[in-house]
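Written out below as structure tokens is the structure these notes cover.
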Number of protein chains: 2
Amino acid sequence: MPQRTKKPGAAKTRSVAFRRIRADHSSELAEDYVELIADLIDEKGEARGSDVAMRLGVANATVVKTLKRLQDAGLVTQEPYRSIFLTGEGWKMAEDGRRKHKIVEAFLLALGVSEETARIDSEGIEHHVSEETLRAMARFLARKVM
Amino acid sequence: MPQRTKKPGAAKTRSVAFRRIRADHSSELAEDYVELIADLIDEKGEARGSDVAMRLGVANATVVKTLKRLQDAGLVTQEPYRSIFLTGEGWKMAEDGRRKHKIVEAFLLALGVSEETARIDSEGIEHHVSEETLRAMARFLARKVM
DNA sequence: CTGAAAGTTTAGCATTGGCTAAACCTATTG
DNA sequence: CAATAGGTTTAGCCAATGCTAAACTTTCAG
């Protein structure tokens, strides 16, 4: 590899990073929704819009509107006044989110952070960690456990 | 249903977490801007809108519009066709962002992640780590170095 | 089986953050 | 010192995400 005495690509990498963050943001909400819906289905057998609203801390109407977009995106299905279902793709996204979430949260706990903080921070961080970083976190956990 | 022996506050904490993430998002852009402006001033002596646009990977017009908001928020000052300055508050925010950024990036590197990934991921993560997590990261770094 | 309470959706609005194209300054050069 | 090239701003558009209030369904008690 290159013998970089000093990070020549730093400036270019930045706009790449920022672009990725903006892209992440659009999918972030979708991921939060499907992950939450999956949890609700597992926990209570069904996911209702108002449960989602409550847990996300957002108005009911907002959820309705967002679900419409998610339906267009092929992640969920829903009929008016009924509960919400995930499509195959929706489940896939939910599972992936849960996987990341678990790793990040466990990692933060292993780092010595409190449960409360681990829960809160992992929610924010999970959408911004690359697979490489996840692997590093998993490695750290494995080492710790041994 | 099952008697949840653990984490009674988990559900409530979630909406707290999501609320915080939404709040983070509004300040995130502002932090990125002021941090970048600070870097530009340090690097080249002045920050021009077009430099900001280039590094963030957005259109010039977008920067103009955002700077107007930042000016209203008391973070920057600018006159038309001139370069951008940070207010005292702007500098404070920039310094804080840099501090977080440095810790997160160094931490990721110490975890064994590549430079490229550390740069990209830290940009996304820095806005979502609490002070507690930052402290844990700093602790980890200190231990590593010894 | 009916009517009101509870739960959902629609309507309409605001803000943020993006874009392109056109208008507008500034500054350089001939 | 004027013309123009190039950088900046304005205008006007769009999509996403949030809200409240009003309209509409469902459900359940009586």
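Throughout, protein chains are lettered first and strands after them, A, B, ... in sequence-line order, and every chain is numbered starting at 1. Values reported hereafter were calculated over all heavy atoms of this structure, with side chains retained and with hydrogens, waters and symmetry mates removed.
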Whole angstrom is fine here: how far is it from [atom1] in [X] over to [atom2] in [N]?
{"X": "L56(A)", "N": "dG18(D)", "atom1": "CG", "atom2": "C1'", "result": "12 Å"}
{"X": "K65(A)", "N": "dA16(D)", "atom1": "NZ", "atom2": "C1'", "result": "9 Å"}
{"X": "R22(B)", "N": "dC19(D)", "atom1": "CZ", "atom2": "P", "result": "6 Å"}
{"X": "I21(B)", "N": "dA16(D)", "atom1": "CD1", "atom2": "P", "result": "20 Å"}
{"X": "D32(A)", "N": "dA16(D)", "atom1": "CG", "atom2": "C1'", "result": "15 Å"}

Listed nucleotide nearest any side-chain atom of [X], set [options]:
{"X": "N60(B)", "options": "dT9(D), dT17(D), dG7(D)", "result": "dT9(D)"}
{"X": "P80(B)", "options": "dT9(D), dG7(D), dC19(D)", "result": "dT9(D)"}
{"X": "V58(A)", "options": "dC19(D), dT25(D), dT8(D)", "result": "dC19(D)"}

Test ring-ring contact (aromatic ring centres under 6.0 Å, His included) on H127(A) and H101(A); report intermediate values, then the result. CA-CA 9 Å; H127(A) 303 290; H101(A) 194 123; 8.4 Å; no
Nt span of DNA chain C in reach of chain A heavy atoms at under 4.0 Å, 5' end first, is dG7(C) to dG18(C)
Going by atom types only, do S83(B) and Q78(B) share a side-chain donor-acceptor pair under 3.5 Å? no
Side chains of D121(A) and T133(B) only: does a donor on one sit below 3.5 Å from an acceptor on the other? yes
Crowded around R82(A) CZ? As in, over 12 foreign heavy atoms under 6.0 Å? no
Students often get this wrong, so: under 4.0 angstrom with heavy atoms, is R69(A) touching a base, only sugar-phosphate, or nothing? base
Base, sugar-phosphate, or nothing: which does S50(A) touch, judged by heavy atoms less than 4.0 Å apart? sugar-phosphate
Any T62(A) side-chain nitrogen or oxygen under 4.0 Å from OP1 or OP2 of dT17(D): no
Would you please indicate yes or no on a ring centroid separation below 6.0 angstrom for Y33(B) and F18(A)? no
Are the side chains of S122(B) and K102(B) in touch, meaning some heavy atoms are under 4.5 Å apart? no
